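The basis for the numbers below is simple: all heavy atoms, side chains too, and nothing from hydrogens, waters or symmetry mates. One is the number of the first residue; the rest follow in order along the sequence. Just so you know, these numbers come straight off a predicted model, no measurement behind them.
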Amino acid sequence: MARTVGIIFSNIHGKEVNELSAKRTLASVPFGGRYRIIDFVLSNMVNSGIINVGVITKYNFYSLMNHIGSGKSWDLSRKNGGLTFLPPFGSESTKLYSSRFEAISNVAYYLRDRTEKYVVMSDCDNVCNMDFSEVVDYHEKKGAEITVVYRKKQLGETVDTKMRTRITVDDDGRVKKVVNSANNTGTVSVFVNILVINRDFLLKIIDNAEELGYKSFSRDVLIRGTDIYKIYGYELKAYFASIDSLGNYYKHSMELLNKDVRDELFRKSGNHIYTSVRDSAPCKITSTAKIKNSLIADGCVIEGTVEGSILFRGVKVAKGAIIRNSILFQNTEVGENSRINCVITDKNVRVLENRFLSGHDTHPSFICEGSVI
């Protein structure tokens, strides 16, 4: 899809998942045993034919650069275009951004050098398998200036203070109203922070931002622009997960233990999810091991019991240890006869012998990188 350039925001929700992003950008947070969160949106763009992608960074992006490298694993290592990292202070006039609008304004120099007609912008924490070319086709058909992707979401009766951008569309799909709101109940249409926008139109908004007083994309462009701009909505009906809190990270990780969810994410015809490949030894499972409904990556050594859990590369579970409903990052070691339930461990954590650690499925315990328990 040479008519489209991709932009990925790698840090937008980092502070909301501070436990996982204290030493890494949110985009490089491990997910699903062998992936990083950014793998999904990056793969979606490549599968949609987008061959030029800019990744906007802010801080803690060494692990992200180490993971993506030249973009070869996504076929984005090219002489012209391909993958481009867009760090802060990329030009003399830029400043450290605090919103999507400031972030995209900081990389206007990159957009001016592009020739594509459209820009697909997405947060990094959108876990789904979708074809962006379908959204671009819809955008063209409607003659839109902006097309926002939304999904129907059922909100419960419990108190929920998380702000959501809700939209209302008419029978033709045109967005009539956009609001930022919390404490909603019932079925609402929620913007998933993926949109298609005309490149020239976006640059015009950026160039006139100071005069127009624009500082926030959702508030100033979407909410105030429904009567000014041609904004349409595209409904996403496939599986979608947003990693915007530790609780959501745990919840959506555990959903991967459901075969239907795995099939939806990883087995769509022709739409694979790619990641950086590392050569590791196969997983070693001894005669004393018991494993049930779990995802276990290469290089693990399992001598104990693992149930309903996700283990990343190099995890070691000693004899007599019991792991349930937990997520263990790379090189975590669990000693003999220890028990872990509803726990997330970061990299290189050591749990010594005869320890008992437990959280709850609505509030998992988190153990920082390199900790010894």
Side-chain angles (χ1 to χ4, degrees), residues 1-12 25 27-28 35-58 61-94 97 100-124 126 129-140 144-147 149 194-207 270-278:
M1 196 163 57
R3 55 185 171 159
T4 307
V5 60
I7 293 290
I8 300 174
F9 300 94
S10 67
N11 283 90
I12 290 298
T25 180
S28 62
Y35 298 91
R36 304 293 182 101
I37 290 178
I38 197 174
D39 292 343
F40 294 89
V41 61
L42 198 54
S43 298
N44 288 338
M45 288 189 174
V46 171
N47 291 332
S48 303
I50 300 175
I51 60 174
N52 292 301
V53 179
V55 180
I56 300 178
T57 61
K58 189 176 183 180
F61 50 85
Y62 170 75
S63 62
L64 178 63
M65 296 180 68
N66 186 49
H67 172 66
I68 296 179
S70 66
K72 182 178 180 180
S73 297
W74 296 265
D75 193 27
L76 289 173
S77 179
R78 299 166 182 263
K79 290 183 178 179
N80 297 311
L83 179 74
T84 304
F85 281 99
L86 302 170
F89 314 115
S91 66
E92 293 181 2
S93 60
T94 57
Y97 64 85
R100 287 184 188 85
F101 190 81
E102 289 183 359
I104 199 66
S105 297
N106 279 0
V107 299
Y109 62 90
Y110 172 76
L111 295 173
R112 294 187 207 283
D113 286 341
R114 305 306 321 156
T115 59
E116 292 86 353
K117 187 175 181 179
Y118 306 113
V119 181
V120 172
M121 300 196 303
S122 174
D123 286 359
C124 67
N126 295 325
N129 190 331
M130 67 177 293
D131 189 346
F132 291 131
S133 65
E134 294 180 359
V135 188
V136 174
D137 289 342
Y138 176 86
H139 178 85
E140 276 190 328
E145 292 170 315
I146 304 173
T147 296
V149 179
I194 299 172
L195 62 83
V196 177
I197 186 169
N198 298 345
R199 185 178 63 90
D200 290 342
F201 175 74
L202 175 58
L203 288 172
K204 183 178 179 180
I205 289 178
I206 292 172
D207 291 340
N271 293 334
H272 302 294
I273 303 299
Y274 306 99
T275 189
S276 178
V277 177
R278 296 185 180 181

For [X] against [Y], the heavy-atom pair lying closest together:
| X | Y | answer |
| --- | --- | --- |
| Leu42 | Leu76 | CD1-CD1, 4.0 Å |
| Ile206 | Phe101 | CA-CZ, 4.5 Å |
| Phe85 | Gly69 | CE1-O, 3.7 Å |
| Met45 | Val120 | CE-O, 3.8 Å |
| Ser276 | Ser73 | CA-OG, 3.6 Å |
| Phe132 | Ile194 | CE2-CG2, 3.7 Å |

Check for a donor-acceptor pair, side chain of [X] on one end and backbone N or O of [Y] on the other, with a separation under 3.5 Å.
| X | Y | value |
| --- | --- | --- |
| Arg36 | Thr275 | no |
| Thr25 | Ser10 | yes |
| Asn129 | Asn271 | yes |
| Ser43 | Ile273 | no |
| Asn66 | Tyr62 | no |

Contact check, side chains of [X] and [Y], non-hydrogen atoms, under 4.5 Å:
| X | Y | result |
| --- | --- | --- |
| Val55 | Phe61 | no |
| Asp131 | Asn44 | no |
| Val119 | Leu111 | yes |
| Ile38 | Leu64 | yes |

Assess, by modelled atom type and distance only, whether the side chains of [X] and [Y] contain a donor and an acceptor separated by less than 3.5 Å.
| X | Y | value |
| --- | --- | --- |
| Ser122 | Asn126 | yes |
| Ser63 | Ser28 | yes |
| Asn198 | His139 | yes |

Could you give the distance from [atom1] ([X]) to [atom2] ([Y]), rounded to the nearest 0.5 Å?
| X | Y | atom1 | atom2 | value |
| --- | --- | --- | --- | --- |
| Arg199 | Ile7 | CZ | CD1 | 11.0 Å |
| Lys58 | Leu86 | NZ | CG | 15.0 Å |
| Asp137 | Arg3 | CG | CZ | 4.5 Å |
| Thr57 | Ile8 | OG1 | CD1 | 12.0 Å |
| Ile68 | Asp39 | CD1 | CG | 7.5 Å |

Plane angle bin for Trp74 and His67 - parallel if under 30°, tilted between 30 and 60°, otherwise perpendicular:
perpendicular
Show, in sequence, the C-alpha distance, side-chain angles and deciding distance for Leu83 and Arg78, and conclude whether the side-chain contact (heavy atoms from CB on, under 4.5 Å) test is met.
CA-CA 8 Å; Leu83 179 74; Arg78 299 166 182 263; over 6 Å; no
Just wondering, are more than 12 heavy atoms of other shown residues or ligands nearer than 6.0 Å to CZ in Arg278?
no
Which residues share a ring-ring contact (aromatic ring centres under 6.0 Å, His included) with Phe201, sequence neighbours left out
Tyr229
Residues two or more places apart in sequence or in another chain: which of them pass side chain to side chain donor-acceptor pair (under 3.5 Å) with Asn52?
Glu116
Thinking salt bridges, do Lys117 and Asp200 make one under a 4.0 Å N-O criterion?
no
Let me see the working for Ile197 and Glu145 under side-chain contact (heavy atoms from CB on, under 4.5 Å), right down to the final yes or no.
CA-CA 6 Å; Ile197 186 169; Glu145 292 170 315; over 6 Å; no
